[in-house]
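Have a look at the structure below before the remarks.
Because only heavy atoms are used, hydrogens play no part in the values below, and waters and symmetry mates are left out as well, while side chains stay in. Quick caveat, the model's predicted, so the values are computed rather than measured. Chain letters run A, B, ... following the sequence lines, proteins first, then strands; residues in each count from 1.
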2 protein chains.
Amino acid sequence: MTSKWRELADRLAKQIRNGEYQPGQPLPHIRTLVEAGEGSKSTVHMAYKALEAEGLVTSSRGHGTVVRHRTPLKRLGIARYDKAKWRDGDEVAFIADRVASGRPYHRGEQTQTVSRVEGSHLVTSALGLPDGAEVYARARLVKEGDQPTHTLTSYYRPEHVEGTRIVDPSPGPAGRGGGFRVLFDAGYEIDRMRERIFARMPTAEEADLLSLPAGEPVVELHRTTCTADGTVVEFAVGVHAASRFSWEYDFQVPDSARDGERA
Amino acid sequence: MTSKWRELADRLAKQIRNGEYQPGQPLPHIRTLVEAGEGSKSTVHMAYKALEAEGLVTSSRGHGTVVRHRTPLKRLGIARYDKAKWRDGDEVAFIADRVASGRPYHRGEQTQTVSRVEGSHLVTSALGLPDGAEVYARARLVKEGDQPTHTLTSYYRPEHVEGTRIVDPSPGPAGRGGGFRVLFDAGYEIDRMRERIFARMPTAEEADLLSLPAGEPVVELHRTTCTADGTVVEFAVGVHAASRFSWEYDFQVPDSARDGERA
DNA sequence: TAGTGGTCTAGACCACTTC
DNA sequence: AAGTGGTCTAGACCACTAA
């Protein structure tokens, strides 16, 4: 026997997926369904909480419960790191990205704070430093319009960035060309990257910071960037609202019998 | 003013993150906290549901509520597709993966059903077929021990696989060497792949099939595989329990000014 | 002010597990 | 049988939004 609220939730979920309730459209009010005999207020409420946790609707006091819009996922490919963008032009990677997707750029869509902190184990080991070493942390909160979409925090070895614009970033987001340009000007041209990604539920703080609706996971991205000689010059951690992004990677099928020991 | 159950949940979450409640250890019983004055049974229950939705604990009737184990994420890199594994040896990709990570392989850890179906738009467009065309679908449910970890469904153009072992798979998972080997033997050597990944909450059916605890997201993987001449020979969709996997990609920073038009 | 969802209570009862 | 979490009710009250 499946519970009363689960049955109601499944029925409504089916109707949402069918298109009987369109995105943006309100679901029946809780009290309406109570009068319709779907159960007590708490029971119907439980069904609505479940739909919220499944990412199908959002409820808000005073308003009601509406079907969530499914914004198309923004595709993130490695082309967003194109050297031509930040080396030859003035663009910052994320702005170039914005331009490419036809969305407007507004000042204030990215906040940034730079600080010198003791690195966590994750950070120091990625940068090849001993535990407890100090690093520079450049933390950004990126928004689209007034909706936050993700955080991105870059960590640098102090000797790589001391005296550069990264440490004292007056003119906007890390200045002309962004962080990779600054490293480039300091003699560190980035050459290879490794991205590691996984998903989880947000902490309560992250849900607050990114104003995530209940039932929205986050994708955590760990990016390690190094120069041609293998020096790691940046390690970055991103926390992305899962409903906004997808990641795309193209690669050759490896063949260790032919490539030798490359993997 | 933050609600009573939220305060309780936050307090418990903090204690879990602190390590005051270790993985596998039980939280206080609901009725205990009721007697301790944390509120009514429903109130405490709400706090526990929240912790469950945040992926921190699992509750079960008859037992109690215990802190979830955080199994280390299995790292999936492109080396798992190494041609040497399936072309020269007898291994199936996922088994080789298992061996590499030191986990035992048992028969029955993968179920498989093959059928000829009308492809969804996603599938047909990936395979370069007209809408509504028929394709072969090879659906696997992969387990580790008795816990399902992910589903993976491969779609093929009928003319590529008709008459091969894929269509009539008697000896285990697609036979010696797996699907790529069968394609190889049929004259289609895979050469390039594109993977696209994103996260979302599972549907109720997926949560059931993968026996996901409440508050566990899934990662959906779309894999397009083609031969050297660009023919798409496989399109696969995977649904992975998010707490079990991470994906890793290495790549060269692109430079359109030097590479010409490659992205 | 009227209407929305959200919180909270007290208590009955159910489903499941362990002993 | 005893103890666990889960469901459900009826109703009071709160927080927020809109007209």
Using ring-ring contact (aromatic ring centres under 6.0 Å, His included) as the criterion, list what pairs up with B:Tyr136, not counting sequence neighbours. none
Could I get a table of every N or O pair under 3.5 Å where one atom is in the protein and the other is in nucleotides 3-7 of chain C?
from	atom 1	to	atom 2	distance (Å)
C:dT4	OP1	A:His29	ND1	2.9
C:dT4	O2	A:Gly62	N	2.9
C:dG5	OP2	A:Ile30	N	3.2
C:dG5	N7	A:Arg31	NH1	2.8
C:dG5	O6	A:Arg31	NH2	3.2
C:dG6	OP2	A:His45	ND1	3.1
C:dG6	N7	A:Lys41	NZ	3.4
C:dG6	O6	A:Lys41	NZ	2.1
C:dT7	OP1	B:Trp5	NE1	3.1

Taking 4.0 angstrom as the limit, do B:Arg80 and B:Glu195 come out as a salt bridge? yes
Report yes or no: does A:Glu220 contribute a side-chain atom to a donor-acceptor pair with the main-chain N or O of A:Arg200 at less than 3.5 Å? no
Charged N to carboxylate O under 4.0 angstrom, B:Asp10 versus B:Arg6? yes
Please report the distance, rounded to the nearest Å, between CG in B:Leu33 and P in D:dT4. 12 Å
Qualifying residues under side chain to side chain donor-acceptor pair (under 3.5 Å), relative to B:Trp247, sequence neighbours excluded: none
